[in-house]
Amino acid sequence: MHVMSGGSGPAVTDLLIDGKLLPGGAGTFGTVNPATEERIGLAADADNADMDRAIGAARAAFDHGDWARDVALRVHCLRQLRTALIAEIEELRSVTVAEVGAPVTFTYGSHLEGPVNDLAFPADTAESYSWKTDLGVASPMGIATQRWLVREPYGVVGAITPFNFPHQINLAKLGPALAAGDTVVLKPAPETPWCAAHIGRIIAEHTDFPPGVVNIVTAGDPGLGAQLCRDARVDVVSFTGSTATGAAVTAAAAGNISKVLLELGGKSAFVVLDDADLGRACGAAAVAVSRHAGQGCAFTTRLLVPRHRYDEAVDATAAAMGGIAVGDPTDPATVCGPLISARQRDRVQGYLDLALVEGGSFACGGGRPGTLDRGYFIAPTVIRGLDNTARTAREEIFGPVLVVLAHDGDDDAVAIANDSRYGLSAAVWSSDPQRAASAAARLRTGTVSVNGGVWYSADTPFGGYKQSGNGREMGVAGFAEYLETKVIATAVGTA
Ligand code: NAD
């Protein structure tokens with residue numbers, strides 16, 4: 001990060017292209033603290049020429065450098081990056097709280113320290129991976145042949161990320177793609193350029209990554225993301241964001257037949273079976289949807305409860321929501337901070353207004369908390385009185401909003417949960433392990449939590465069924481997404 005010429009201007013971050021920290025061709029754009037609505041500084045605003053140079057640098061580093069073949073260099077650089085990020089963790093923590101509005105408590109986990117520590121996983125995986133496997137000798141078509149299975153990097157990865165968990169998502173792409181031997185151009189969300197730019201600066205200043213291996217291109221214009229998807233020099237597009245943008249990304253990449261990895265939206269169900277501890281389950285559902293103002297793709301936003309206990313469940317959930325600390329993300333007690341922007345706040349408010357039009361009502365919340373007069377806040381909200389046909393129950397709201405739906409038993413609950421175009425995640429609560437396991441097996445989602453179990457971990461693949469995405473991130477499966485498969489077949493005894 002540098003300070004604008006004259007020394008007294010606001011802090012400005014840089015692009016990282018071909019190993020150099022550079023200003024943006026389009027100047028700068030502001031980054032805003034969503035809790036205060038104040039501009040906290042400026043980010044380099046890349047133009048199309050910057051993106052073109054970044055892709056060219058990544059291509060050259062892959063085609064002409066040692067990166068793709070030198071596993072030890074890759075492991076060394078990733079471990080160096082992890083150490084350097086840990087050394088600056090307090091500065092990264094303040095940037096994350098200020099720019100993302102992430103409650104500081106969560107920066108000790110999945111908002112920052114979790115993903116930084118998890119960089120160990122792709123480095124360790126690369127070190128121990130079977131890059132070449134002996135498939136033995138066979139005689140297909142009568143020719144004795146020694147077969148080898150070889151895993152190789154694809155080439156250039158274009159990584160495009162959203163605003164909600166910038167460190168987690170940026171690092172869950174950079175780590176495995178780089179460990180696999182690919183080179184990367186990362187375009188982060190326009191709302192959270194600083195989180196990515198700080199990683200770029202740390203790479204340039206404190207690591208031995210060869211020039212061009214990692215390029216970080218911040219931009220106010222989402223069109224630069226589309227440019228990255230369309231470019232024929234990019235072999236893999238790894239995208240996290242909304243399902244609508246994922247469709248545009250897929251279309252843009254189709255002309256080059258690029259591999260497209262998609263981590264998209266969700267409308268995940270929290271299923272409470274009739275033998276569960278209703279109070280505990282509803283309390284857990286209330287907290288799950290209110291963390292980070294509900295801005296989590298896999299957060300459970302539909303609460304399915306037994307019909308005969310519907311009122312009791314709504315009351316328990318609303319009571320738990322009422323106890324959630326909303327407000328200043330720098331306060332360690334805060335669970336629900338602000339939404340990222342006025343646009344997102346207005347979008348969420350639009351869905352709350354729609355819920356009333358659709359015949360629902362609020363058991364708590366419904367708009368800005370009365371105690372906060374600035375910042376993009378929405379109070380944790382419980383909507384009652386709708387069924388799963390309502391748009392409020394079907395569409396991703398991306399705010400601290402829980403729609404409570406009634407079910408008539410296990411089969412009905414599973415059917416309602418699966419009646420969605422999304423399939424990202426789900427939760428099941430039951431006191432009977434067999435019933436919980438049966439429901440979990442029938443849910444069409446990439447992850448399922450049973451009675452509060454946690455599926456998020458560096459060694460656990462994450463991703464969606466249906467329109468929640470393609471491919472997996474994290475775990476060995478996520479690492480392997482960044483690898484091509486080659487077979488070398490050598491005739492035996494003919495040389
Ligand atoms: P978004 O789709 O608006 O933007 C995501 C990224 O795509 C940004 O960097 C944006 O600039 C870029 N972009 C926009 N238009 C583009 C185009 N035509 N071509 C290429 N890139 C383009 O998403 P958002 O609002 O930043 O994030 C919220 C969404 O992300 C939610 O739908 C959420 O569910 C989803 N999400 C999914 C996961 C997951 O792992 N499944 C994780 C986090 C967020």
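Start at 1 and go down the list; that is how both ligands and their atoms are numbered.
Ligand 1 does not have Gly469 within reach: every non-hydrogen atom of the residue lies 4.0 Å or more from it. Between Ala219 and ligand 1 there is no heavy-atom distance shorter than 4.0 Å. Within the structure, ligand 1 has Phe239 among the residues with a heavy atom less than 4.0 angstrom away. A heavy-atom separation below 4.0 Å is not found between Gly464 and ligand 1.
From Asp182, atom CG reaches atom NZ of Lys173 across 13.0 Å, with rounding to the nearest 0.5 Å. Between atom CG of residue Leu402 and atom OG of residue Ser290 there is a gap of 8.0 Å, rounded to the nearest 0.5 Å. Distance check: Cys195 SG to Leu92 CG gives 8.0 Å after rounding to the nearest 0.5 Å.
Using a 4.0 Å cut-off between a side-chain N of Lys or Arg and a carboxylate O of Asp or Glu, Lys187 and Asp221 do not qualify as a salt bridge. By the 4.0 Å N-to-carboxylate-O rule, Asp118 lies too far from Arg82 to be salt-bridged with it.
For ligand 1, the atoms lying closer than 4.0 Å to a non-hydrogen atom of Asn164 are 43 (C), 44 (C).
Scanning the protein for heavy atoms near atom 28 (C) of ligand 1, the closest one is Phe398 CE2, 3.6 Å. Nearest protein heavy-atom neighbour of atom 12 (C) of ligand 1: Ile160 CG2, 3.7 Å. Scanning the protein heavy atoms around atom 35 (C) of ligand 1, the nearest turns out to be Gly241 O, 3.2 Å. Ranking protein heavy atoms by distance to atom 38 (C) of ligand 1, first place goes to Cys297 SG, 3.0 Å. Atom 25 (O) of ligand 1 has as its closest protein heavy atom Phe163 CE2, 3.3 Å. What sits closest to atom 23 (O) of ligand 1 on the protein, heavy atoms only, is Ser242 N, 3.6 Å.
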Applying side-chain contact (heavy atoms from CB on, under 4.5 Å) to Val428 and Phe270, what does each step give before you reach the verdict? CA-CA 6 Å; Val428 184; Phe270 191 113; over 6 Å; no

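Scanning Thr245, Ile169, Thr218 for the heavy atom closest to atom 22 (C) of ligand 1 points to Thr245. Remark: among candidates Ile340, Thr250, Leu264, the nearest residue to atom 41 (N) of ligand 1 is Leu264, based on non-hydrogen atoms. Proximity annotation for atom 10 (C) of ligand 1: of Glu263, Lys187, Gln295, Gln168, Lys187 comes nearest, heavy atoms only.
A cation-pi contact, defined as under 6.0 Å to the ring centre and within 45° of the axis, is absent between Arg39 and Phe29. For the pair Arg384 and Phe362, the cation-pi criterion (under 6.0 Å, within 45° of the ring axis) is not fulfilled.
For ligand 1, one of its N or O atoms has an N or O atom of Glu396 under 3.5 Å away. Looking at ligand 1, you'll find an N or O of Thr161 within less than 3.5 Å of one of its N or O atoms. For Thr240, no nitrogen or oxygen atom sits less than 3.5 Å from a nitrogen or oxygen atom of ligand 1, counting backbone and side chain alike. Note: no N/O pair closer than 3.5 Å links Pro162 and ligand 1 by distance alone.
Classification of the Phe462-Trp455 ring pair by plane angle, with boundaries at 30° and 60°, yields parallel. Ring-plane geometry between Phe209 and Trp67 is classed as tilted, the angle between the planes lying from 30 to 60 degrees on a 0 to 90 degree scale.
Residue-level proximity to ligand 1 for Pro190 is carried by the side chain, the only part with a heavy atom below 4.0 angstrom.
Protein heavy atoms are absent from the space less than 4.0 angstrom from atom 4 (O) of ligand 1.
Between Phe165 and Gln295 the shortest side-chain heavy-atom distance does not fall below 4.5 Å.
In this structure, a donor-acceptor pair under 3.5 Å is present between the side chains of Asp353 and Gln349.
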